[in-house]
Amino acid sequence: MKNQTISPWTFIPTLYFTSGIPYVIINTVSVIFYKKLGIDNAQIALWTSFLYLPWVIKMFWGPIVDIYSTKRKWIIYTQFAMFCCLGLIALSLQLPNFFFISLTALTIGAFISATYDIATDGFYLLALSPEQQALFVGIRSLFYRLAVVFGSGILVVIAGQLEVSLNNIPLGWTLAIGFSALILAILFIFHRLILPLPESDSQRHLQATEKIDFWKIISLYFAQTKIINIIAFILLYRFGEAMLLKIASLFLLDKPEVGGLGLSTSEVGLAYGTFGVISLIFGGILGGLAISKYGLKKCLLPMALALNLPDIFYVYMAYIQPPLILIYPLVSLEQFGYGFGFTAFSVYLMYICQGEYRTSHFAISTGIMALGMMLPGLISGYLQKALGYPLFFILVCLLTIPGMIALFFIPLKSES
C-alpha cells in the first residue's frame with residue numbers, strides 16, 4: 001500500500017506545525033491584536049480565556065473521532081475548516097463589529113483546533129510503529145514549538161511592520177492573519193496529497209469502541225489515591241503563571257502613562273514571541289535532561305521554583321519601566337524558567353496516567369490542566385484593572401505559593 005513507502009519525515013513535522021499555528025493565534029496572538037484594536041484589558045483577558053474551554057472538554061468528543069470516519073479525514077476536514085476560520089477572522093477585522101464576529105470565529109476555531117489535535121495524536125499512533133513513535137516524539141514537539149515561534153513571534157512582527165508601513169492597524173492584522181490562513185491552505189493541500197492511509201485507520205473498530213465504558217474510564221481516573229491532592233496540584237501549579245500569561249503582552253504594549261512599557265507590536269513579537277519562546281524551548285529541553293538524570297522526585301521542587309520565582313521580574317519592570325535592552329533578557333529569563341518548570345509538570349501528568357486507559361486518563365489530566373489556565377485568566381484582566389500593573393504582578397507572585405505547597409501532598413514514589 002502506498003502509505004508504507006511514505007516516510008514519517010514527510011508528514012509528521014508539518015502535521016504538528018499545523019497543530020501549533022491555530023492554538024497560538026487563538027490563545028496568544030488574539031490578546032495582542034485585540035489590544036492593538038482598542039479592546040479593554042479586562043474584556044480581552046475574560047473572553048480569550050474562555051477560548052481554552054475546548055481543550056478542557058475535548059475528552060468528551062474524543063470517542064466521536066474514534067468511531068466516525070478515519071483519522072486522516074478528520075485531519076483534512078479540520079485543516080480546511082481552520083483555514084476558513086482564520087480567513088473569517090482576518091476579514092472581520094475590517095468591520096465595525098469586528099470583536100463579536102472575530103471572537104465567534106475564534107471560538108469555532110478553538111473547537112476545530114482541539115478536534116484536530118485529537119485526530120492528529122490518534123493518527124500518530126496508527127501511522128507510526130512503536131519505534132518510530134519513540135523517535136518522532138521530540139520531532140513533533142520541536143515543530144509544534146516552531147509554530148509557536150512563527151505565530152507569536154514572526155507573525156506579530158510582520159503585523160507590527162505592516163501597521164507602520166500601511167499606517168493602518170486593522171489592515172496590518174488582516175494581512176498578517178490572512179497570511180497564516182494561506183499557510184494553512186497550502187498545508188491542507190499538501191496533506192490532502194501526501195498523507196498516508198494506514199490500514200488500521202481505514203477500519204472502524206466499532207465493536208471495540210462499543211465495549212469501552214466511558215464513565216468507567218473516568219471513574220477509574222478519579223478513584224486514584226489522593227486524587228483531590230492531584231487535582232489541586234494540577235489546578236494550582238501554574239495558577240500564578242496563568243494569571244501572568246494573559247496580561248504579560250498587554251503590559252508590554254500598554255503606554256507608560258498607564259503603567260505599561262510602551263513597546264511596539266514588532267518589539268512584543270521579538271521579546272515575547274521570539275526570544276521568549278526560544279528561551280522556553282531551551283528551558284524545556286534542559287528540564288527534560290535534568291529529570292532524566294536526577295529523577296522527577298528530586299527535580300519537582302527546584303523546577304517549581306524555576307517556574308515561579310522569575311515572575312518577580314515583572315514586578316521589577318512594572319516599577320522601574322526599564323529600557324528595551326533590559327526587557328528582552330528579563331522576558332527571556334522568565335520564559336526559560338517557565339519552560340524548565342513546566343517540564344516537571346508534564347512528566348508528572350504522564351506519571352499519574354498508568355494502566356490500560358492511560359491515554360484517556362492523560363486526556364482528562366490535560367483537560368484539568370487547561371481548566372487551570374482558563375479560570376485564572378478569566379479574572380486576571382479585572383484584577384489588573386483594579387490593582388494596576390505593579391500590585392497585580394505582586395499578587396501573581398503570591399498566587400504561586402499555593403501550587404508550590406500542593407506539590408508536597410501529591411503521591412510520588414521515591415524511585416521516580
Side-chain angles (χ1 to χ4, degrees), residues 16-37 39 41 44-45 48-49 51-52 86 89-90 93 106 109 113 141-164 169 172-181 183-184 241-242 244-254 260-285 310-311 313-314 317 322 324-340 342 373 377 380:
Y16 283 90
F17 186 81
T18 306
S19 177
I21 290 177
Y23 183 87
V24 74
I25 290 175
I26 291 166
N27 292 300
T28 302
V29 179
S30 62
V31 174
I32 298 173
F33 68 67
Y34 280 143
K35 179 64 178 177
K36 295 298 293 184
L37 293 170
I39 304 300
N41 284 8
I44 293 173
T48 60
S49 292
L51 297 175
Y52 282 115
L86 288 181
I89 294 164
L93 300 184
L106 284 167
S113 182
S141 177
L142 170 63
F143 277 85
Y144 185 91
R145 291 298 185 188
L146 289 175
V148 175
V149 173
F150 168 78
S152 60
I154 296 171
L155 195 67
V156 174
V157 171
I158 290 172
Q161 295 297 325
L162 289 170
E163 286 177 5
V164 174
I169 292 174
W173 279 101
T174 290
L175 294 174
I177 301 297
F179 176 57
S180 68
I183 290 174
L184 281 195
E241 191 67 28
L244 180 68
L245 182 66
K246 284 296 176 186
I247 302 300
S249 55
L250 302 177
F251 168 63
L252 297 176
L253 286 165
D254 252 333
L261 297 184
L263 271 61
S264 69
T265 304
S266 294
E267 288 167 343
V268 171
L270 285 172
Y272 202 73
T274 305
F275 300 142
V277 173
I278 291 171
S279 298
L280 185 147
I281 292 170
F282 279 109
I285 293 170
D311 291 348
F313 294 154
Y314 278 88
M317 289 191 288
L324 186 61
I325 195 69
L326 192 55
I327 293 171
Y328 284 150
L330 289 175
V331 171
S332 296
L333 284 170
E334 189 274 329
Q335 286 291 285
F336 178 85
Y338 179 34
F340 188 71
F342 181 68
M373 293 298 289
S380 60

Would you be so kind as to tabulate the donor-acceptor pairs closer than 3.5 Å made by side chains of residues 142-161, with sequence neighbours excluded?
unit_1 : atom_1 : unit_2 : atom_2 : d
Ser152 : OG     : Val148 : O      : 2.6
Ser152 : OG     : Gly273 : O      : 3.4
Gln161 : NE2    : Ser266 : OG     : 3.3

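Not counting sequence neighbours, Phe336 has no partner by the ring-ring contact (aromatic ring centres under 6.0 Å, His included) test. Partners of Tyr338 by side-chain hydrogen bond (donor to acceptor under 3.5 Å, both in side chains), not counting sequence neighbours, listed by chain and number: Arg238. Listed by chain and residue number, Phe275 satisfy the ring-ring contact (aromatic ring centres under 6.0 Å, His included) test with Tyr328 (two or more places apart in sequence, or in another chain). Residues passing the side-chain hydrogen bond (donor to acceptor under 3.5 Å, both in side chains) test with Tyr16, sequence neighbours excluded: Asp121, Arg140. Contacts of Thr48 classified as side-chain hydrogen bond (donor to acceptor under 3.5 Å, both in side chains), with partners at least two apart in sequence or in another chain: Lys246. With sequence neighbours excluded, the residues that form a ring-ring contact (aromatic ring centres under 6.0 Å, His included) with Phe33 are Trp173. The salt bridge (Lys or Arg N to Asp or Glu O under 4.0 Å) check on Glu163 picks up Lys36, with sequence neighbours excluded. Looking at residues two or more places apart in sequence or on another chain, you find no side-chain hydrogen bond (donor to acceptor under 3.5 Å, both in side chains) involving Ser279. Remark: Tyr34 engages Phe99 in a ring-ring contact (aromatic ring centres under 6.0 Å, His included) (not counting sequence neighbours).
Rounding to the nearest 0.5 Å gives a distance of 8.5 Å between CD1 of Ile32 and CG of Leu250. Atom-to-atom distance recorded for Leu263:CG and Leu324:CG is 5.5 Å, nearest 0.5 angstrom. Here the OH atom belonging to Tyr314 is positioned 5.5 Å from the CG atom belonging to Leu244, to the nearest 0.5 angstrom. Here CD1 of Ile89 is found 6.5 Å from CD1 of Ile26. Values are rounded to the nearest 0.5 Å. Distance check, rounded to the nearest 0.5 Å: CG of Leu93 to OG1 of Thr174 gives 4.5 Å. Interatomic distance, CD of Glu334 versus CZ of Phe313, reported as 8.5 Å (0.5 Å rounding).
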Asp254 vs Lys35, test: side-chain contact (heavy atoms from CB on, under 4.5 Å). Steps then yes/no. CA-CA 8 Å; Asp254 252 333; Lys35 179 64 178 177; 2.7 Å; yes

Leu330/Ile327 under side-chain contact (heavy atoms from CB on, under 4.5 Å): CA gap, chis, key distance, verdict: CA-CA 5 Å; Leu330 289 175; Ile327 293 171; 5.9 Å; no

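Between Asn41 and Ser380, every side-chain heavy-atom pair lies at or beyond the 4.5 Å cut-off. No side-chain heavy atom of Met317 sits under 4.5 Å from any side-chain heavy atom of Leu326. The side-chain heavy atoms of Pro310 and Leu333, taken from C-beta on, include no pair separated by under 4.5 Å.
Applying the side chain to side chain donor-acceptor pair (under 3.5 Å) test to every pair with at least one member in residues 18-30, sequence neighbours left out, gives these pairs: Ser19-Asp117.
The two atoms that bring Ser249 and Val268 nearest to each other are CB-CG1, 4.4 Å, heavy atoms only. The two residues Ser180 and Ile25 come nearest to each other via the heavy atoms OG-CD1, 3.5 Å. Taking every heavy atom of both residues into account, Ile247 and Ala45 meet most closely at CD1-CB, 4.4 Å. Summarising the geometry of Ala181 relative to Leu86, their closest heavy-atom pair is CB-CB, 3.7 Å, with the distance given to 0.1 Å.
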